[in-house]
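Reading through the structure tokens given below for one structure.
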Amino acid sequence: MKTFDDRTRIGRIRPMATIADVARLAGVSSSTVSYVLSGKRPISAATRARVERAIHELGFSPHAGARALATNRTNVLGLVVPLRALESNPATVMEVVAGVLAAAREHGDDVLVLTDEDAADVHRLAAGSRVDALVLMDVERHDPRLPVLAALRQPAILVGVPADSQGLSCVDLDFAAAGRLAVRHLTEHGHERIALLGSGEAAVTRGASYAVRIIEGFREEAGRLGVRHTVVPLEDSYPAAATALARARTEVDGPTALVVHNEGALPAVLTALAREGLRVPEDVSVLAVAPARRAEHLSVPLTVIDIPSVEIGRTAVAMAVDRQERSVPAETRLLAPQLVEHGSCAAPPAP
């Protein structure tokens, strides 16, 4: 095996290129190179192409700290993903994260992930000027972190809609509209007794935005249409699913249709129904509110109101960029719910 001594290796090391080297090769001034890197001033396409070609040929990489000082940007996006969110909705949360990562990469940003939900931790992340903007997941209706975020210089994007956004931008599926759509779809099939098996008790009790808003929409539409209905919290296990079904059956005298808004419990619900000898959709209709890919690969493919998780993540990054670079005012973007039919909803069985 051929080896090289230290002197040989050192002799082959290429000196680190500087902005002056790039400027000399491109035939422009050093300030022009800086403007191409920072984007602070418009540069002609031809000049930009020469500078970028010189950067590539020399293998020039501007020091991140120097670039941050020059542009007042770190090119880092802070993403706050509390562990409780990963535990309760892992598939949805990871798809949102994937959307954030993909969009940030396209914009040339890195992503710094924080898994703590404490307001002080969020403040330390932003106050140290380590991030240009924040995306906050698992937002509650009365979220204690919002006053801290509203006081920061960096823009913050909420994945969820609190009762008072305090001047912050929000993006999410329109869960209230999803609840209304679920009721309408089932009543169009002729159902008059419907149960919503929703998020777990802990999410509902602390006022998780997604959990509360779908309940509000469901109850509103069921009341408007005169449908007998109930809402039962649902945990991620077969015993919990069996208990939730028994409670729903008691409260509405045997529901003929179920809306399930707990992606982790979908297999358990189908198992509980099967063990009771109930067929989907012949004996009971089931409509899921979950990422579409999650619902279509179950033992019984379920009609689903899709949670467009990846799109939500990408939209959050786009909103952060708009707030940073174009000073776009705070706004709330609610994505309209879309129903994907897989045949798990039908007319109720004859009495």
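Using a cut-off of 4.0 Å between Lys/Arg side-chain N and Asp/Glu carboxylate O, R224 and E221 are scored as salt-bridged. Taking a cutoff of 4.0 Å between a charged side-chain nitrogen and a carboxylate oxygen, E276 and R249 qualify as a salt bridge. Using a 4.0 Å cut-off between charged side-chain N and carboxylate O, R145 and D138 make no salt bridge.
A continuous path of ILVMFWY side-chain contacts below 4.5 Å connects L77 to M137, so both sit in one hydrophobic cluster. The cluster map of Ile, Leu, Val, Met, Phe, Trp and Tyr, joined by side-chain heavy atoms under 4.5 Å apart, puts L334 and M319 in different clusters. With hydrophobic clusters built from ILVMFWY side chains whose heavy atoms lie under 4.5 angstrom apart, V284 does not share a cluster with L186. Put simply, V304 and L181 are part of two different groups of oily side chains (I, L, V, M, F, W, Y) that touch within less than 4.5 Å, one to the next. With hydrophobic clusters built from ILVMFWY side chains whose heavy atoms lie under 4.5 angstrom apart, I305 shares a cluster with I194.
Remark: the H107 side chain and the Q324 side chain contain no N/O donor-acceptor pair separated by less than 3.5 Å. Counting only N and O atoms by type, the side chains of H189 and S285 include no donor and acceptor under 3.5 Å apart.
A distance of 10.5 Å separates OG1 of T315 from CG of D322, quoted to the nearest 0.5 Å. Annotation: the span from R314 atom CZ to S309 atom OG amounts to 13.5 Å, rounded to 0.5 Å. Taken from CD in E95 to CD1 in I312, the straight-line distance is 9.5 Å, to the nearest 0.5 Å. Note: L245 CG to L197 CG = 6.0 Å, rounded to the nearest 0.5 Å. For the atom pair CG of D21 and CD1 of I55, the computed distance is 12.0 Å after rounding to the nearest 0.5 Å. To the nearest 0.5 angstrom, M94 atom CE is 13.0 Å from N89 atom CG.
Inter-residue side-chain proximity for E216 and R219 is flagged as unmet; no heavy-atom pair is nearer than 4.5 Å. Side chains of L302 and L270 form a contact here, defined as non-hydrogen atoms less than 4.5 Å apart. Two residues are said to be in side-chain contact when any heavy atoms from C-beta on lie closer than 4.5 Å; T230 and T250 fail this criterion. Contact check for V269 versus L234: side-chain heavy atoms found under the 4.5 Å cut-off. Counting heavy atoms from C-beta on, the side chains of E263 and P90 come closer than 4.5 Å. With a 4.5 Å cut-off on side-chain heavy atoms, V317 and E106 do not count as touching. Annotation: side chain of I307 is in contact with side chain of V289 (closest heavy-atom distance under 4.5 Å).
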Next item on the list: Test side chain to side chain contact (heavy atoms under 4.5 Å, CB included) on L273 and L258 and set out the steps.
Entry: CA-CA 11 Å; L273 291 172; L258 304 173; 4.2 Å; yes

Notebook entry, point to check: Where do Y238 and R275 land on the side chain to side chain contact (heavy atoms under 4.5 Å, CB included) test, with the steps shown first?
Noted result: CA-CA 11 Å; Y238 165 72; R275 289 187 180 181; 3.2 Å; yes

Just list the side-chain donor-acceptor pairs under 3.5 Å for residues 156-171, sequence neighbours left out, or say none.
{"unit_1": "D164", "atom_1": "OD1", "unit_2": "Q166", "atom_2": "N", "d": "3.0"}
{"unit_1": "S169", "atom_1": "OG", "unit_2": "R323", "atom_2": "NH1", "d": "3.3"}
{"unit_1": "S169", "atom_1": "OG", "unit_2": "E331", "atom_2": "N", "d": "3.2"}

Could you list the donor-acceptor pairs under 3.5 angstrom formed by side chains in residues 335-351, with sequence neighbours left out?
{"unit_1": "E341", "atom_1": "OE1", "unit_2": "H185", "atom_2": "NE2", "d": "3.4"}
{"unit_1": "E341", "atom_1": "OE2", "unit_2": "T303", "atom_2": "OG1", "d": "2.5"}
{"unit_1": "E341", "atom_1": "OE2", "unit_2": "G343", "atom_2": "N", "d": "2.9"}
{"unit_1": "S344", "atom_1": "OG", "unit_2": "V286", "atom_2": "O", "d": "2.6"}
{"unit_1": "S344", "atom_1": "OG", "unit_2": "T303", "atom_2": "N", "d": "2.7"}
{"unit_1": "S344", "atom_1": "OG", "unit_2": "T303", "atom_2": "OG1", "d": "3.4"}

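The two residues P267 and L298 come nearest to each other via the heavy atoms CG-CD2, 3.9 Å. Listed here is the closest heavy atom pair of A133 and Q154: CA-CB, 4.2 Å. Smallest separation of non-hydrogen atoms from V28 and R50: CG1-NH2, 3.4 Å. Between D283 and G277, the shortest heavy-atom contact is OD2-O, 3.8 Å. Minimum heavy-atom separation, R48 to I43: N-CG2, 3.9 Å. For R294 against L266, the heavy-atom pair with the smallest separation is CG-CD1, 4.3 Å.
Ring pair F175/Y210 is tilted by interplanar angle, where 30° to 60° counts as tilted.
Open room surrounds CD on E192; 12 or fewer heavy atoms of other groups in view lie less than 6.0 Å from it.
For the pair R193 (side chain) and G254 (backbone), a donor-acceptor distance under 3.5 Å is present.
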